[in-house]
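Below is the structure I would like to discuss, written out as structure tokens.
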Amino acid sequence: MFAIPTNRLVLPAVQSVPIEMTSMRKRGIDPEELIILDNGPSQVVERNKRDLEALQKTTPIRIIHHDLNDQFEWIRDLAEHGQWDVAELIRLLYPHPEEVDYGKVFNMLYLAAARYGRKVIHRRDSDCYTPLGDESLYPVWGENQFIGKKVSEVLHMADTCECLTDELLTEEIWIAGSDYTGDWNVNLELLQQHNSQTLNEFLTLLSIPPTRIPAYIDAKYRDNELNLRTRPLLITCGQLPDIPEIVPHYPECGNIAMMEIFKWIPNFIGSRCIGFDYHTYILGALLKVPAVYHTKRIIHAHDYSRKQKDATLNYFRGIAKLADYNLFITEFRNNYLHRLAPPGANGFHLLRDTGPSALVNLLSECFMSLDRTTRLGLVHDLAYKILLPSGLAEYRLVAEELERGASRLIDELDDDYRRSIKLQKIWRALILLSERMGNESRCKVY
């Protein structure tokens, strides 16, 4: 299953994705359907509906459009058949457009895959485009080369981060993805021009150890041929990783395929929480689910208006929340993970075989242990070490508002974490019920 979540006009991306799907068909592989999960405003949804109806007439690829009404019905059905409180389930699942909740959006894709009985999601974002030309460079071939394969089968094709145990060699790769090319990253250029320490301070804020910052900058902030990996990278956690995303070269959410893991681990949820939609990958990898970073990048294009928005308060509130999440997952990795999966044990196997209770309890303990003063300090550092040193008036206003609202932001995050942990507790039941209720006759097909 291919999927595009969107809150914008989606036609250019939908015209691009079938290029990859057609390439699969030419090689005798069924790409299944293309799901558009639309949580945009009504006028955007109506335009997307018309565009998709017209496009479907020109392609054999099956295109299915689900708007917020469909998603609300899924949630209501789950509440009714699973005997959950519908208001609480809406609070945990429904992606209100005004929330801009990246975790909820990705989680709804997971539930869609369960409804359709699919094991693999190939996700592309609505501002990403397949590079034209050589089909071997299409991201899907980086994904299909690895997804579902045992580690022992792909060792000759990839570099590794560490020595592999015999137990890891028999594990299947359930996550495969790559990076973006083009103008996509956090627009730190202006800040960096006015303060040469911006990137270092930014990555320190995100819990990246000082010794790893140069490699991280090379991987994520220098888009030139010298810094591109020429071989895929096998990501395993036989040893404890030292950065939140496991390695500097990690799969981005707009260029990723996931197999099965999403049926056990949902993303964290929260309004404008940048990075929460990487939680399935990060926690899955920590629990020893192998992943691969392949080398087939996708084009990520933003227009100038998007760059302007990067300087707004909402964007930097999202960065503050990302810093807090990275603190959370670093604390979990260092002080709680070993209680779920002792050295040598496979954490995912334990989660699969014994249920979510131990994970839920440890996530709760970790959350309760977070030091509020340290967390407020992250917001302060974002304001005083990254924004204010630029000397730019627009960033001074953002920094001042962040500082004034820091306590309220931490309160919001506390609620986000409580809801995210509650969702983890019921997630497997939601997936199993979605699979049982899956009925394609309920879906709009264009």
Side-chain angles (χ1 to χ4, degrees), residues 102-103 106 161-162 175 177-180 185-186 188 199-221 233 235-254 256 258 261 265-270 272-293 316-338 340-341 347-348 359 362-363 365-367 369-371 374-375 377-379 381-382 385-386 410 413 416-417 420-421 424:
Y102 308 111
F106 210 170
C161 301
E162 59 190 352
I175 302 168
S178 190
D179 238 311
Y180 305 124
N185 249 314
V186 180
L188 294 172
L199 265 180
N200 284 64
E201 294 290 355
F202 180 72
L203 294 174
T204 299
L205 185 81
L206 300 186
S207 297
I208 309 301
T211 56
R212 298 285 268 164
I213 285 176
Y216 205 101
I217 291 174
D218 282 345
K220 290 296 179 182
Y221 296 97
L233 179 67
I235 302 167
T236 55
C237 288
Q239 303 296 321
L240 203 63
D242 60 356
I243 66 173
E245 298 89 354
I246 316 302
V247 289
H249 287 93
Y250 58 86
E252 295 285 352
C253 281
I256 197 168
M258 287 187 174
I261 185 60
I265 302 174
N267 287 297
F268 270 23
I269 56 175
R272 300 185 186 278
C273 293
I274 293 173
F276 274 30
D277 49 348
Y278 289 75
H279 179 73
T280 300
Y281 153 68
I282 292 172
L283 183 56
L286 288 175
L287 296 181
K288 295 189 172 62
V289 173
V292 165
Y293 174 96
F316 283 101
R317 279 172 55 84
I319 292 297
K321 289 186 172 185
L322 170 61
D324 197 85
Y325 169 78
N326 279 11
L327 175 71
F328 183 123
I329 204 67
T330 298
E331 177 72 11
F332 180 80
R333 180 192 73 212
N334 290 339
N335 297 313
Y336 293 88
L337 180 63
H338 70 280
L340 179 68
F348 174 73
L359 174 60
L362 289 172
L363 288 171
E365 280 189 46
C366 182
F367 160 57
S369 76
L370 296 178
D371 179 67
T374 300
R375 299 168 71 193
L378 293 175
V379 184
D381 287 349
L382 174 57
K385 293 184 178 181
I386 295 171
I410 299 302
L413 279 160
D416 295 335
Y417 293 146
S420 297
I421 294 167
Q424 177 67 73

Exercise: identify the closest heavy-atom pair between Asp381 and Leu205: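 For Asp381 versus Leu205, the nearest heavy atoms are CB-CD1, 3.9 Å.
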
From Ile410 CD1 over to Thr374 OG1, what is the distance, rounded to the nearest 0.5 angstrom?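 Separation between the atoms: 10.0 Å.
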
Counting only N and O atoms by type, is there a donor-acceptor contact under 3.5 Å from the side chain of Gln424 to the main-chain atoms of Leu359?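 Pair absent, no side-chain N/O of Gln424 close to backbone of Leu359.
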
How close do Tyr336 and Leu362 get, counting heavy atoms only, and between which atoms?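 Where Tyr336 meets Leu362 most closely, the heavy atoms are O-CD1, 3.7 Å.
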
Do Ile243 and Asn326 have side chains that approach each other closer than 4.5 Å (heavy atoms only, starting at C-beta)?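 Side-chain contact under 4.5 Å: no.
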
CD1 of Ile282 to CZ of Phe332: how many Å apart, nearest 0.5 Å?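 One gets 12.0 Å once the value is rounded to the nearest 0.5 Å.
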
For Phe348 and Ile261, what are the C-alpha separation, side-chain angles and deciding distance, and is it a side-chain contact (heavy atoms from CB on, under 4.5 Å)? CA-CA 9 Å; Phe348 174 73; Ile261 185 60; 3.9 Å; yes

Ignoring hydrogens and angles, tell me if any N or O in the side chain of Tyr250 forms a donor-acceptor pair with the backbone of Pro244 under 3.5 Å.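 Not at all, since once roles are kept as given, no pair shorter than 3.5 Å links the two residues.
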
Rounded to the nearest 0.5 Å, what's the gap from CZ on Phe276 to CD1 on Ile329? Could you check?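 Here the interatomic distance stands at 10.0 Å.
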
Can you tell me how the ring of Phe268 sits relative to the ring of Phe328, calling it parallel under 30°, perpendicular over 60° and tilted otherwise?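 The arrangement is perpendicular - the two ring planes meet at more than 60°.
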
Ile235 and His249: side-chain contact (heavy atoms from CB on, under 4.5 Å), yes or no, with the steps? CA-CA 9 Å; Ile235 302 167; His249 287 93; over 6 Å; no

Yes or no on side-chain contact (heavy atoms from CB on, under 4.5 Å) for Tyr293 and Val247, after CA distance, side-chain angles and deciding distance? CA-CA 10 Å; Tyr293 174 96; Val247 289; 6.0 Å; no

Taking all non-hydrogen atoms of both residues into account, name the closest pair between Glu331 and Ser369 and its distance.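 It is OE2-OG, 4.0 Å.
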
Keeping the roles fixed (side chain from Glu162, backbone from Gly238), state whether a donor-acceptor pair exists under 3.5 Å.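 It does hold such a pair.
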
Gap separating the SG atom of Cys253 from the NE2 atom of His279, nearest 0.5 angstrom: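 Here the interatomic distance stands at 12.0 Å.
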
Ser420 side-chain N/O to Ile269 backbone N/O, donor-acceptor pair under 3.5 Å: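 Yes; judged by distance alone, with no hydrogens or angles, the pair exists.
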
Carefully, step by step, assess Tyr278 and Tyr325 under the rule ring-ring contact (aromatic ring centres under 6.0 Å, His included). CA-CA 11 Å; Tyr278 289 75; Tyr325 169 78; 9.3 Å; no

Going from CD1 on Ile246 to CG on Leu233, what distance comes out if it is rounded to the nearest 0.5 angstrom?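 Going from the CD1 atom of Ile246 to the CG atom of Leu233 covers 11.5 Å.
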
Keeping Tyr281 on the side-chain end and Glu252 on the backbone end, is there a donor-acceptor pair under 3.5 Å?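 Checking the backbone N and O of Glu252 against the side chain of Tyr281, no donor-acceptor pair under 3.5 Å is found.
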
Mind checking the CG-CG spacing from Leu283 to Leu363? Nearest 0.5 Å is all I need.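 If I round to the nearest 0.5 Å, the distance is 6.5 Å.
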
Show me the side-chain donor-acceptor pairs of residues 207-214 shorter than 3.5 Å, one per line, residues at least two apart or across chains.
from	atom 1	to	atom 2	distance (Å)
Arg212	NE	Asp242	OD1	3.1
Arg212	NE	Asp242	OD2	3.3

Report yes or no: does Thr280 contribute a side-chain atom to a donor-acceptor pair with the main-chain N or O of Ile265 at less than 3.5 Å?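 The answer is yes, because a donor-acceptor pair under 3.5 Å joins these two groups.
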
So, the side chain of Arg333 versus the backbone of Pro241: is there a donor-acceptor pair under 3.5 Å, distance only?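 The answer is yes, because a donor-acceptor pair under 3.5 Å joins these two groups.
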
Identify each donor-acceptor pair in which a side-chain atom of residues 316-323 lies under 3.5 Å from a protein atom, sequence neighbours left out, and give them as a table.
from	atom 1	to	atom 2	distance (Å)
Arg317	NH2	Glu412	OE1	2.7
Arg317	NH2	Glu412	OE2	3.0
Lys321	NZ	Ser271	O	2.9
Lys321	NZ	Glu412	OE1	3.0

Walk me through it: do Leu413 and Arg375 pass the test side-chain contact (heavy atoms from CB on, under 4.5 Å)? CA-CA 10 Å; Leu413 279 160; Arg375 299 168 71 193; 3.7 Å; yes

